[in-house]
Structure formats: C-alpha cells, structure tokens
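Note on naming: letters A, B, ... go to the chains in the order of the sequence lines (proteins, then strands), and numbering restarts at 1 for each one.
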Protein chains: 2
Amino acid sequence: MPKDTKALNSTPLSLIARPLVTVDIAIFTVKNEKLQVLLVKRPNNEQEHFTEKWALPGGFLDIDIDKDLNSCALRKLKEKTNVNSPYLEQVGAWGSKDRAPTEWSITHVYFALLNSDKVILQKGGNAAEVAWFPLIDNQVKKQLAFDHNELLDLATQRLHAKVEYTSLPAYLLPDEFTLPDLQKVYEIVLNRPLDKSSFRTRILSTNLIAPIPNKMRPATHRPAQLYRLTNPDTLTYFPRSFKYNEKALKS
Amino acid sequence: MPKDTKALNSTPLSLIARPLVTVDIAIFTVKNEKLQVLLVKRPNNEQEHFTEKWALPGGFLDIDIDKDLNSCALRKLKEKTNVNSPYLEQVGAWGSKDRAPTEWSITHVYFALLNSDKVILQKGGNAAEVAWFPLIDNQVKKQLAFDHNELLDLATQRLHAKVEYTSLPAYLLPDEFTLPDLQKVYEIVLNRPLDKSSFRTRILSTNLIAPIPNKMRPATHRPAQLYRLTNPDTLTYFPRSFKYNEKALKS
DNA sequence: CTAATAGTGTCTGTCAGACACTATGGC
DNA sequence: GCCATAGTGTCTGACAGACACTATTAG
C-alpha cells in the first residue's frame with residue numbers, strides 16, 4: 001500500500017510524522033542610496049545551532065497565533081521593524097530532509113519592501129541584534145545561518161525580475177514622492193541608470209501614481225511635483241510581449 | 001516572551017505543534033486540442049471528508065520517503081501518470097487554520113506540464129478514478145474537494161502568465177514537433193490565435209529549438225521541418241521591457 | 001544673471017503584427 | 001493543373017532610448 005494513503009485509511013492524522021514549519025523574510029529597503037536587507041543576529045546559546053550567526057528574520061509557525069502563513073510573516077516582520085503594512089509577497093517554499101541540522105523542515109520564504117523611515121528596529125524575541133546590510137552584487141557579504149544565503153538569493157532574484165516590469169520600487173518610498181525619487185529607487189534596485197524621458201512616459205502611461213494638486217517639493221532649483229500611489233494595495237504590471245491582439249481574435 | 005522564541009529557549013522541537021503538510025499538483029496537458037487537467041476522485045469512505053469529490057492529485061508529505069518537496073510532488077505525479085520527468089514548477093504554499101476541515105494545514109501547490117501520449121493513467125493508492133478534465137474559461141466546471149478550485153485557479157493563472165514570455169508550451173508536445181505544432185499549443189493555452197510570421201521569428205530568434213537535419217513530417221501538402229528542444233531542461237525566457245541599455249551604463 | 005534640477009520635444013532604430021506572397025508536397 | 005499547409009518578405013505603426021531643449025526655482 002502506498003505510504004501516502006495512510007491518512008485516507010483512517011490512520012489518525014496525529015500519527016503522521018510532520019516536518020518543522022518555519023517562515024523567513026527578506027525585508028528590503030533603500031537606505032543611503034543602497035538596497036539593504038534586514039538581518040538578525042542569533043543569540044549566544046550553547047544549545048542552539050548557528051549561534052551568533054546573522055540570519056533572515058523568521059522562525060516557527062505558531063498555529064495558535066497565526067491564522068495563515070501571511071499573518072505569520074507579518075507578525076515576524078512587525079516584531080523586528082514595528083511596521084504593519086509593507087508590501088509582502090511569498091517567494092516559495094523550500095523543504096528537505098537535510099536543509100536544517102536536525103530535522104525534515106520546510107521554510108516559507110517571503111520578501112517585503114518598505115520605506116526605512118517607517119522602521120523602528122527592535123531586537124526583542126530571539127534576536128541579539130538587528131541591522132540593515134547592503135546588497136553588493138546582489139548578495140550580502142556575510143555567511144548566514146542555515147541555508148539563508150540561498151534563501152536570500154532567491155528573494156533577491158525574484159525582486160530583480162519583478163522590478164523590470166512592475167511598480168514594486170514604489171513601495172520603497174514614503175507616501176509622497178516625486179518622479180525623480182521614483183526613478184532613483186528603480187536605478188538603485190536595478191543597479192543601472194534609466195533614461196528620464198522614457199521612464200516618465202512609462203510610469204505616467206499607467207495610472208500607478210497621481211499628482212497631489214498644487215503640492216511640489218521645494219528646492220534650490222525647479223521644484224518637483226509630488227505624487228502618491230493611486231492604489232497602494234495593487235501592484236502595477238507594465239505591458240510585455242506576445243501583445244494582445246484584438247484584430248486577430250476576431251478572425 | 002514572544003511565542004516564537006520557544007524553540008530558541010530549548011523547548012524541545014518535538015513539543016511545537018505542527019500543521020499538516022501536503023502537496024497538490026495541477027497536471028496539465030493538451031488533448032483533443034484542449035488544455036486539460038488531471039483530477040482524481042476521492043474514495044467512498046465514510047470517515048473521509050469530501051468523499052467521492054474530484055480533487056487535484058496530491059496528499060501528505062512523507063518525511064520517511066521524500067527527500068524534499070519536489071521529490072514529493074514527483075512521487076505523486078508518477079503514481080497517477082507513470083511519468084518520470086515532466087516540467088514541474090512550484091506555484092506556492094497556501095496554509096491557514098481553516099482551509100481544511102479539521103486542522104491547521106499547509107499545501108504546496110505545483111503545476112506540471114506533460115505530453116499526454118506519455119501518460120498511463122493509474123488509479124492506485126487513494127484514487128477511485130483518475131481522468132482528464134478540460135479547462136473552460138480557465139476553470140474546470142466542477143466543484144472540487146477542499147479549496148482545490150482556488151488552488152487550480154492559482155496554478156492556471158501562473159501557467160497563463162508565464163506562457164506569454166516563456167517556452168513552457170513546448171513541454172506539452174512530444175519530443176519531435178514542427179513549428180506549426182508549437183504555435184498550435186501556444187494558441188490553445190493562450191486561447192487566442194497568433195500571427196505565424198511573428199511567432200516563427202520570435203521562436204527562431206532564440207536557440208530554444210533546433211531542426212532535426214533532413215527530417216520532415218510528411219503530409220498531403222508541403223511537409224514541415226521537425227524540431228526538438230535544444231536544451232530540454234532549461235526554460236527559455238523571451239525578452240521583455242526596461243531593456244538593458246549598454247550605452248547608458250557607461251555614462 | 002548662473003546653477004541645478006524638473007520636465008518636454010524630437011528623432012531614429014527596432015520590432016511585432018498584418019498580410020500578401022512564394023514553396024512544396026499529394027493528388 | 002488544384003488544394004492545403006509550410007514558410008518568407010514587406011510594410012507600417014508603436015514605442016523605447018538618445019539626447020537636446022525648455023521651465024522654474026534660489027540666490
């Protein structure tokens with residue numbers, strides 16, 4: 001009899017051996033004109049693995065507290081940053097017999113984007129220290145606990161891929177920002193300069209952002225129009241190829 | 001003390017309550033010129049939920065057999081189809097307190113693409129029946145067990161999105177196929193016609209496929225060149241916007 | 001006035017879609 | 001020859017990048 005039928009033949013569910021289940025989050029921000037990620041330092045505790053190593057914030061799912069996986073990620077994010085509503089996206093699940101030292105374990109990797117001004121770093125809980133680390137060549141120059149270097153790579157790859165065709169970098173800015181501000185965060189995340197004219201055309205051709213009437217950012221030069229997100233909860237996707245073709249559809 | 005620190009203060013890992021962990025797979029194929037998905041019928045067993053309902057193939061992770069999540073998905077896929085190496089991709093994890101009737105549970109959703117000729121449907125295990133169901137308006141016209149309609153939607157959305165800019169549909173074909181064959185599966189999955197000329201240009205501008213020298217498909221009309229995948233294990237991505245700009249980089 | 005940055009206009013090359021055309025087999 | 005489908009060529013419109021230009025503030 002195949003093993004996975006056991007539950008369907010009334011073996012009590014409680015007898016099925018279960019893996020450890022965790023959530024880890026790559027929290028990104030732009031600070032000092034660099035893309036940075038939040039890491040926590042594991043405590044000095046003889047009974048723990050990877051003691052005093054830096055790691056992605058995260059930990060065990062608590063089925064008594066968390067109503068779903070996203071809530072679990074938000075809870076952990078809030079514990080470290082005191083931020084309630086970042087942009088949050090699941091990257092995927094990684095589980096195997098030997099990714100953690102002792103047991104079959106699965107981690108659910110998320111990434112979050114937030115404006116660093118809104119963050120109040122909090123050690124609390126199981127974190128001896130909490131700090132931002134810049135990404136250099138898309139990596140953090142540090143050996144992290146467990147397989148967290150790989151997990152961070154995966155989150156970074158996802159971020160990079162999506163920045164090319166979405167409005168993701170807008171979540172790195174404060175609520176009110178100018179178009180040059182927005183271009184700047186795109187350039188920082190993409191690590192390459194963009195043309196001002198085409199950037200503006202592209203952004204303004206969607207309804208991603210709306211100007212705040214009569215509100216400019218004052219400066220010692222020409223002031224810039226301030227904008228805010230039209231719909232902060234919706235990610236905007238810029239068009240891509242295999243264009244939809246109305247005419248061909250009719251035939 | 002925050003709850004999630006318990007493991008880090010030497011509470012035995014075995015005492016942390018763990019959710020149920022499952023894997024479900026949307027197995028897609030093209031059959032009779034339609035995109036179809038494989039479903040299994042749950043057995044008639046008074047002690048089970050959703051008895052005799054159709055569902056996505058899947059079930060409990062078995063930490064004694066499965067070395068990682070992907071292996072678990074492949075095992076379940078092989079049990080139902082006897083196929084060893086389909087295209088397989090994780091869509092994501094969905095877990096919550098109440099998505100399953102009794103317990104906090106997490107499922108890891110995968111989708112697979114395969115050529116239906118390679119499949120030998122097998123009931124075995126916990127499946128009373130196994131069958132292909134066409135997707136109509138991207139849905140299967142049937143109420144599935146648990147939250148499987150939603151899971152299937154998610155897999156279908158992912159498939160659709162990626163078909164627009166990748167070589168995914170190639171995995172729905174046999175090893176040798178013609179360019180019109182390939183165009184046809186794209187059209188079936190996308191549910192819209194494509195222009196022959198631009199389709200060919202697009203495909204041939206990559207090294208996705210290579211012609212098989214002197215091998216044509218005979219027909220009562222002009223024969224078509226047969227091709228095969230250059231690298232069957234690598235998904236090809238077609239280019240998209242925010243084009244890389246060499247000149248701007250230097251400045 | 002100048003400096004500095006915001007914001008616009010114009011040109012041009014590229015490329016995808018539309019669609020007409022040619023090619024090649026069976027009959 | 002005809003039919004059917006494979007495969008190519010040509011035109012055109014859209015659009016993104018390059019880059020020059022104008023606009024608006026402080027001082």
(request) Select from A/P223 and A/T201 the residue whose nearest nucleotide in DNA chain D is closer to the 5' end of that strand. (result) A/T201
(message) Taking the minimum atom-to-atom distance to the side chain of B/S197, which one of D/dG7, C/dA18, C/dT8 wins?
(response) C/dA18
(request) Among the candidates D/dG7, D/dT24, D/dG17, find the nucleotide nearest to the side-chain atoms of A/D195. (result) D/dG17
Is it true that a side-chain atom of [X] and a backbone atom of [Y] form a donor plus acceptor pair closer than 3.5 Å?
X: B/N115; Y: B/L172; answer: yes
X: B/T81; Y: B/V83; answer: yes
X: A/H148; Y: A/Q143; answer: no

What is the distance, rounded to the nearest whole Å, between atom [atom1] of [X] and atom [atom2] of [N]?
X: A/F238; N: D/dC15; atom1: CZ; atom2: P; result: 15 Å
X: A/L194; N: C/dG7; atom1: CG; atom2: P; result: 17 Å
X: A/F199; N: D/dC15; atom1: CZ; atom2: C1'; result: 17 Å
X: A/R217; N: D/dA26; atom1: CZ; atom2: C1'; result: 17 Å
X: B/R202; N: D/dT8; atom1: CZ; atom2: P; result: 18 Å
X: A/R192; N: D/dA18; atom1: CZ; atom2: P; result: 11 Å
X: B/Y227; N: D/dA6; atom1: OH; atom2: C1'; result: 10 Å
X: A/Q225; N: D/dT25; atom1: CD; atom2: P; result: 12 Å

(message) Are more than 12 heavy atoms, taken from residues, nucleotides or ligands other than A/E176, located less than 6.0 Å from that residue's CD atom?
(response) yes
(message) Taking A/K118 first and then A/D175, would you say they form a salt bridge - that is, a charged N and a carboxylate O separated by under 4.0 Å?
(response) yes
(message) Between B/E89 and B/K162 (salt bridge meaning N to carboxylate O under 4.0 Å), is one present in this structure?
(response) yes
(message) Can you give me the bend angle of the helix from C/dC1-D/dG27 to C/dC27-D/dG1? Use the axis through the first five pairs and the one through the last five, nearest 10 degrees.
(response) 10°
(request) Mind checking side-chain contact (heavy atoms from CB on, under 4.5 Å) for A/P180 and listing every partner two or more places apart, or none if nothing turns up? (result) A/T178, A/R200
(request) Give the C-alpha distance, both sets of side-chain angles, the deciding distance and a yes or no for side chain to side chain donor-acceptor pair (under 3.5 Å) between A/Q90 and A/N70. (result) CA-CA 8 Å; A/Q90 189 190 101; A/N70 272 33; 5.0 Å; no
(message) Exactly one of B/I212, B/L179, B/L173 should register a side-chain contact (heavy atoms from CB on, under 4.5 Å) with B/Y227. Which one does?
(response) B/L179
(request) Please check the phosphate of D/dA16 (OP1 and OP2 only) for any side-chain N or O of A/S198 closer than 4.0 Å. (result) no
Atom pairs under 3.5 Å: protein N/O with N/O of nucleotides 2-5 of chain C:
none

